[in-house]
Protein chains: 2
Amino acid sequence: MAKNLLAKNKLTILYGLCLAVLLLLLKWLELKLVIVNNAYEVYMGAIAVFFTALGIWLALKLTKPKTVIVEKQVYVNNGPEFTVNQAEVEKMGLSKRELDVLQLMAEGLSNQEISERLFVSLNTIKTHSAKVFEKMEVKRRTQAVEMGKRLCIIP
Amino acid sequence: MAKNLLAKNKLTILYGLCLAVLLLLLKWLELKLVIVNNAYEVYMGAIAVFFTALGIWLALKLTKPKTVIVEKQVYVNNGPEFTVNQAEVEKMGLSKRELDVLQLMAEGLSNQEISERLFVSLNTIKTHSAKVFEKMEVKRRTQAVEMGKRLCIIP
DNA sequence: TTCAAAATCACCCTAAAGTATGAGCCCGGA
DNA sequence: TCCGGGCTCATACTTTAGGGTGATTTTGAA
């Protein structure tokens with residue numbers, strides 16, 4: 001959190017410095033009489049372009065990359081290939097998110113770790129897992145994992 | 001594809017128009033003598049801010065969400081007949097009783113249920129499971145089960 | 001547009017799991 | 001016989017899991 005703020009401030013300061021330097025440059029140019037007063041539209045345009053670029057850069061730097069995470073499962077196996085038994089999944093009415101949670105459970109992650117992995121809160125994972133148990137008619141995560149593997153819902 | 005290009009061109013044209021309008025505005029202001037020559041740094045700054053904002057907006061509009069394909073490796077070892085990997089068991093120094101507990105864990109039983117199944121107390125199971133986790137270098141039963149299956153210690 | 005399911009999150013509480021430590025019993029090998 | 005490892009059990013404590021309820025927001029399909 002503090003780190004993030006620092007980074008943001010860093011950029012803001014940098015931005016301010018750029019502005020200041022540019023203005024100084026302009027002043028200097030003015031003093032040097034290089035700029036013809038009648039034609040400052042030209043470097044006005046330059047400034048516009050420059051700051052547009054700066055804005056774009058800033059936006060790209062500051063915004064979290066809009067990422068669409070597509071989970072492509074690569075099955076490294078010795079034996080028959082694993083295919084998700086979609087029929088079983090739908091029979092139980094497991095949603096995509098619930099399936100995600102179940103998969104991470106099967107990897108031995110705690111609810112806390114799952115929540116961090118999926119960028120949601122711990123409570124959300126609890127809700128999902130509760131629904132998973134309900135739909136799978138089991139009492140514990142270990143049972144859910146067991147059943148999930150048996151029904152080929154998870155590898 | 002063509003649509004995308006059109007959209008981009010649209011934005012570019014819009015951008016150009018904005019620039020033109022702004023310059024016209026400036027010219028007009030100049031003609032109106034509203035602008036004090038000595039203080040154009042001020043609206044230079046305004047322009048800078050405006051175009052930075054514009055740049056940010058452009059960037060946000062134009063960036064496509066990045067698609068990240070996460071390759072998830074899943075190991076499946078569906079050999080038809082299961083044989084206990086005794087070597088791995090001994091490498092970790094798991095005792096017979098600890099193996100029993102691990103197996104029942106893998107079936108999704110709670111410590112209470114395991115203790116009833118093995119006719120020992122709950123505390124005993126806790127002790128065994130703690131030793132299992134220690135020897136397998138894992139933190140949770142789910143992880144122990146995961147690892148146990150991967151190492152062919154349990155079916 | 002509207003409606004239902006999905007997804008998100010919060011709070012409170014109980015149950016289960018896990019940690020740490022200590023201790024007694026039994027058995028096989030030195 | 002003594003020692004160590006395995007097995008048993010206990011107590012006390014912390015952490016995690018799970019249950020129940022209610023709420024808001026997103027989203028997809030009708």
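In what follows, chains are A, B, ... by sequence order, proteins preceding strands, each numbered from 1.
Nearest heavy-atom pair, B/Ile154 versus B/Lys149, reported as atom, atom and distance to 0.1 Å: CG1-N, 3.6 Å. For A/Val138 against A/Gln143, the heavy-atom pair with the smallest separation is CB-OE1, 3.7 Å. In plain terms, the two heavy atoms of B/Met92 and B/Met136 that are nearest each other are SD-CG, 3.7 Å. Nearest approach of B/Val145 to B/Ala106, heavy atoms of both residues: CG2-CA, 3.6 Å.
Neither side chain, B/Thr127 nor B/Thr124, offers a donor N or O lying under 3.5 Å from an acceptor on the other.
Look at CE on A/Met136: it is 14 Å from P on D/dG19, rounded to the nearest Å. The nearest whole Å value for the distance from the CE atom in B/Met105 to the P atom in C/dA16 is 15 Å. Atom CD in A/Glu113 sits roughly 13 Å away from atom C1' in D/dA17 (whole-Å rounding). For the pair B/Glu134 CD and C/dT19 C1', the interatomic distance rounds to 11 Å; values are reported in whole Å. The separation between A/Ile114 atom CD1 and D/dT16 atom C1' is 12 Å, rounded to whole Å. Between the CG atom of A/Leu109 and the P atom of D/dT16 there is a distance of 14 Å, given to the nearest Å. Rounded to whole Å, atom P of D/dA17 lies 15 Å from atom NZ of B/Lys126. We find that CD of B/Gln112 is positioned 16 Å from P of D/dG18, with the value rounded to whole Å.
Between B/Arg141 and C/dG18 there is a side-chain N or O to OP1 or OP2 distance below 4.0 Å. Residue A/Asn111 has a polar side-chain atom (N or O) positioned under 4.0 Å from OP1 or OP2 of D/dA17.
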Dump the pairs, protein N or O against N or O of nucleotides 23-30 of chain D, anything under 3.5 Å, distances to one decimal.
none

List, with names and distances, any nitrogen or oxygen atoms from the protein found under 3.5 Å away from nitrogen or oxygen atoms belonging to nucleotides 5-10 of chain D.
{"residue": "D/dC7", "atom": "OP1", "partner": "B/Arg97", "partner atom": "N", "Å": "3.3"}
{"residue": "D/dC7", "atom": "OP2", "partner": "B/Ser95", "partner atom": "OG", "Å": "2.3"}
{"residue": "D/dT8", "atom": "OP1", "partner": "B/Arg97", "partner atom": "NE", "Å": "3.2"}
{"residue": "D/dT8", "atom": "OP1", "partner": "B/Arg97", "partner atom": "NH2", "Å": "2.9"}
{"residue": "D/dT8", "atom": "OP2", "partner": "B/Arg97", "partner atom": "NE", "Å": "3.1"}
{"residue": "D/dT8", "atom": "OP2", "partner": "B/His128", "partner atom": "NE2", "Å": "2.8"}
{"residue": "D/dC9", "atom": "OP2", "partner": "B/Ser121", "partner atom": "N", "Å": "2.6"}
{"residue": "D/dC9", "atom": "OP2", "partner": "B/Thr124", "partner atom": "OG1", "Å": "3.0"}
{"residue": "D/dC9", "atom": "N4", "partner": "B/Thr127", "partner atom": "OG1", "Å": "3.2"}

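Taking a pair as Watson-Crick or G-U wobble with both distances under 3.5 Å, the runs of three or more consecutive pairs in DNA chain C are C:1-30 with D:1-30.
The side-chain hydrogen bond (donor to acceptor under 3.5 Å, both in side chains) contacts involving residues 128-139 of chain B comprise B/Glu98-B/Lys135, where partners must be two or more places apart or lie in separate chains.
Residues B/Met147 and B/Ile153 are not in side-chain contact: their nearest non-hydrogen atoms beyond the backbone lie 4.5 Å or more apart. Looking at A/Val101 and A/Leu118, their side chains come closer than 4.5 Å, going by heavy atoms from C-beta outward.
Taking OG1 of A/Thr142 as the start and CG of B/Leu104 as the end, the distance is 11.5 Å to the nearest 0.5 Å.
With sequence neighbours left out, B/Ser110 forms a side-chain contact (heavy atoms from CB on, under 4.5 Å) with A/Arg140, B/Gln112, B/Glu113. Considering only residues two or more places apart in sequence or on other chains, A/Arg150 meets the salt bridge (charged side-chain N to carboxylate O under 4.0 Å, His left out) condition with A/Glu146.
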